[in-house]
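A short worksheet on the structure shown next.
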There are 2 protein chains.
Amino acid sequence: MVSGSDRVSAGKVHAPQILEGERPTLKTIAYLTGLGVTTVSRALKDAPDIGAETKERVRLVARQLGYQPNRAGVRLRTGKTNVIALVLGMDAEIMSMTGRMVYGISDVLTGTPYHLVVTPHMNSADPMVPVRYIAETGSADGVILSRTEPDDARIRFLAERNIPFVTHGRTEMEFIHPYHDFDNEAFAYQAVERLAARGRKRIAILRPPTQLTYSGHTMTGFHRGLKAFALEEVPLDWISVETPAAGQKDAIESLMRSPDAPDGLICCSGSSAIAAAAGIASAGKRIGREVDMAAKEAAGVLPWFQPEIIAMNEDFTSAGRELARALLARIAGSDPATLQSIDMSTWTDEM
Amino acid sequence: MVSGSDRVSAGKVHAPQILEGERPTLKTIAYLTGLGVTTVSRALKDAPDIGAETKERVRLVARQLGYQPNRAGVRLRTGKTNVIALVLGMDAEIMSMTGRMVYGISDVLTGTPYHLVVTPHMNSADPMVPVRYIAETGSADGVILSRTEPDDARIRFLAERNIPFVTHGRTEMEFIHPYHDFDNEAFAYQAVERLAARGRKRIAILRPPTQLTYSGHTMTGFHRGLKAFALEEVPLDWISVETPAAGQKDAIESLMRSPDAPDGLICCSGSSAIAAAAGIASAGKRIGREVDMAAKEAAGVLPWFQPEIIAMNEDFTSAGRELARALLARIAGSDPATLQSIDMSTWTDEM
DNA sequence: CGATAAATCTGTAACGTTACAGTTCCAAAG
DNA sequence: CTTTGGAACTGTAACGTTACAGATTTATCG
């Protein structure tokens, strides 16, 4: 009943010259279907008070015109930006993972209305700047943060203002928030395990910067491993994976030359592993002979570089996917407690 | 004359409850200054028909409130998005440079109203998709493209629609457009030169994928070098720097084992250099002894990896800066002919 | 038969901004 | 004294969308 197609009522849309060249809007569809703009809007949203046949008709025309909602219009009216902000602290290590992470995030965002805006900030500058900007200008619906600290001012800030976010890395804060993390504790433990299996006794670890949460996790796993396999720690806490490569090499070289040199080394990043390997070589030792090395990396080059290194891969593409998924769910209102995940290690020799 | 401060005329702004909590808008400033919204807008744009004193007053209030124009409002009214789109074809090599390039671009965009939106697209899919999307939805004021081909459909498309863009890499198309490129011809020539200086005679090159413009440049430089130094080419055209690493390694290994093995190898990417080095080692040869290798990389790890490799660094951070600068200038209306630049090589041994 | 409800559809206003076409005031010119 | 003109300011409308409060039509009930 009521075909509706002849219900072209009074002065709906005044200008029929809408049709030329320009991008189609709701108005265009309204004119073409003889419906009101509101009806078209609601039809495309599948609202319950619009007739089934009408919805079908509207959808058809919209598809044919290639209609895409105007982002500025939606944003102005609703405040919804359809933007995800990726906030990056820009150090050497992050540079190598950024591409992969962006890829993973985009992969999930494809087919959603979301765009990815990348907001790096210089390491020296105040890390609150980008986060404050996003909050003040409402320029994103959600934020992805990296380089998480146990008590992280950025996270406190976002949580207070109820701005959806996910962190790459955990915190030790009093509230629950979505995160994705790599199981660095397991990595360090398993690294010790592997060195023990090769008969190594005295282990040093080239650790992440202490202020980051995952540094603590790493050390926990390391110490747990040492205890479990009754190995000894050789201290190496005056450098980190973010010390300039030359510094890392020199430190490892002199460590390897010393009488208390370790016979096993764990490296928490690919570039560190390479610098350390150079240091070991300079000290006249060989990986797989006098020393063994276990390392984690993003690029997958270590095995090519030196197959004796016991290597594992941290998959930043999958991390990006996981982060994006969690953030979208958070924006949609999911319980943060259900949006926490941890990646497990896969060692290259097990693949 | 006319202090203006007591000219609070009739019904300007109806709602004084503007002041609470919410983000300040032109309306807020209008209310606070007793001016009209239009006047405030024009004052902030430094329009010529606004009094000097008024401008000063408006700017003061705006600064104090931390006023930032609403992007959606501006975009809806003017069509200006204040967005730069970075379109990335996602292959392994691009992943390693993305971080650096994003960093360089952001560096230039800081302090401008521009945001950076990253739009990767899967390699297999149609490369026109992202570009068409940007054009159809008007979602960016300008586009940065990588992986340029000599006759590039994306570039033709953008040029036709008059959408500002810059390319990372040149084309061979009939019109002038902004670009930034690395001088791959000089790189290849100088690589040959360096191998010649070490007494190498038979050179192979692990080249970029043939469809990309810079592959041609590279080969031109390579052949020019061979001629200049009277060296011989050993063909290696069944693999490229984008062949999976295992394939590259195997190809290099068997090439090195063959009776016509080259004594010099040029690698056009860091990951290729590492795979090739592994192949050389498997064939029982040593870099710096039986063979020499010259390579270009982004990460700066090659010298650590194996100091015998003659390495140079392609600086993607500076490329990002250059691309952003050129694009902003293009958007502002500069002549494309003035927005073309080429980066020169710096070899690690010269630094 | 009138009243009430349910199902569809609609116009108006508003989000924040700017282009445009005024308006107001005052000084200088005729 | 009127006219002209310029300087400084202003209101209205529009960009595309959606929330809201109706309006219209048809079916159902007493």
Side-chain angles (χ1 to χ4, degrees), chain A residues 1-15 18 22-31 33-45 47-55 57-58 62 67-82 113 137-138, chain B residues 1-5 7-15 18 22-31 33-45 47-58 62 67-82 113 137-138:
Chain A
M1 32 209 94
V2 183
S3 94
S5 55
D6 50 3
R7 212 194 291 168
V8 182
S9 42
K12 293 256 172 60
V13 172
H14 303 290
I18 297 171
E22 294 312 299
R23 231 184 117 183
T25 68
L26 291 179
K27 213 154 133 190
T28 321
I29 303 178
Y31 177 73
T33 54
L35 294 164
V37 173
T38 301
T39 311
V40 173
S41 169
R42 308 211 29 124
L44 289 172
K45 303 208 124 50
D49 64 347
I50 304 293
E53 202 216 351
T54 304
K55 283 183 190 170
R57 214 152 50 85
V58 168
Y67 169 76
Q68 306 229 206
N70 180 302
R71 311 192 116 230
V74 176
R75 180 162 171 180
L76 186 55
R77 179 65 240 243
T78 65
K80 183 128 208 285
T81 63
N82 284 310
T137 62
Chain B
M1 36 197 96
V2 184
S3 96
S5 54
R7 212 195 290 169
V8 182
S9 41
K12 292 257 172 62
V13 170
H14 304 289
I18 297 172
E22 295 309 301
R23 232 185 116 184
T25 68
L26 290 179
K27 213 152 131 191
T28 320
I29 303 178
Y31 177 73
T33 53
L35 294 164
V37 173
T38 302
T39 312
V40 173
S41 169
R42 309 216 38 156
L44 289 172
K45 304 208 123 50
D49 63 347
I50 305 294
E53 202 217 351
T54 304
K55 284 184 192 170
E56 212 34 76
R57 216 151 49 87
V58 168
Y67 169 74
Q68 305 229 207
N70 180 303
R71 310 192 117 232
V74 175
R75 180 163 171 179
L76 186 56
R77 179 66 240 246
T78 64
K80 183 127 208 285
T81 64
N82 284 310
T137 62

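Below, each value reflects all heavy atoms present in this structure, side chains not excepted, and no hydrogens, waters or symmetry copies. Lettering of chains follows the sequences in order, A, B, ..., and the numbering in each one begins at 1.
- One finds the OG1 atom of A:Thr39 at 10.0 Å from the CZ atom of A:Arg57 (value rounded to the nearest 0.5 Å).
- In this structure, the separation between CZ on A:Arg23 and OG1 on B:Thr137 is 5.5 Å, given to the nearest 0.5 Å.
- Toward the 5′ end of DNA chain C lies the nearest nucleotide of B:Arg71, the other residue of the pair B:Arg71 and B:Arg42 mapping further downstream.
- Among the nucleotides C:dT17, C:dT10, C:dT18, the one closest to the side chain of B:Tyr67 is C:dT17.
- Looking at A:Asn70, its side chain has no donor and acceptor atom pair within 3.5 Å of the base of D:dC15.
- Judged by closest nucleotide on DNA chain C, B:Ala72 is the one of B:Asp49 and B:Ala72 placed further toward the 5' end.
- Summary of the strand contacts: B:Thr38 and B:Leu76 both lie near DNA chain D, and taking for each the nucleotide with the nearest heavy atom, the more 5' one is attributed to B:Thr38.
- For A:Lys45 (side chain) and A:Val40 (main-chain N/O), no donor-acceptor pair under 3.5 Å exists by modelled atom type.
- Taken to the nearest 0.5 Å, the CG atom of B:Leu35 stands 12.0 Å off from the OG atom of B:Ser41.
- In this structure, B:Thr54 reaches the D:dC9 phosphate: one of its side-chain N or O atoms is under 4.0 Å from OP1 or OP2.
- Here the nucleotide nearest the side chain of A:Leu26, chosen from D:dT10, D:dT17, D:dC15, is D:dT17.
- As rounded to whole Å, 14 Å separates atom P of D:dA8 from atom CZ of B:Arg57.
- In this entry the distance linking CG of B:Leu35 with C1' of C:dT23 reads 16 Å, nearest Å.
- Taking atom CG of A:Leu44 as the reference point, atom P of C:dC9 lies 13 Å away to the nearest angstrom.
- The side chain of A:Thr39 lies closest to C:dT10, out of D:dT18, C:dT10, D:dC15.
- The CG atom of B:Asn82 sits 13 Å away from the P atom of C:dT17 (whole-angstrom rounding).
- When distances are taken from the side chain of A:Val37 to each of D:dT18, C:dT18, D:dG16, the shortest belongs to D:dT18.
- Mapping B:Ile50 and B:Thr78 onto DNA chain D via the closest heavy atom, the residue that lands nearer the 5' end is B:Ile50.
- Without hydrogens or angle criteria, A:Arg75 side chain to A:Asn70 main chain gives no donor-acceptor distance under 3.5 Å.
- Looking at the side chain of B:Arg77, the nearest of the listed nucleotides D:dC9, D:dC15, D:dT18 is D:dC15.
- In this structure, the nucleotide among C:dG16, C:dT10, C:dT17 sitting nearest to the side chain of B:Pro69 is C:dT17.
- In this structure, NZ of B:Lys80 is placed 17 Å from C1' of D:dC15, rounded to the nearest angstrom.
- Distance from the side chain of B:Lys27 is smallest to C:dC15 among D:dT10, C:dT17, C:dC15.
- OP1 or OP2 of C:dT18 sits under 4.0 Å from a side-chain N or O of B:Ser41.
- Between the CZ atom of A:Arg75 and the C1' atom of D:dC15 there is a distance of 16 Å, given to the nearest Å.
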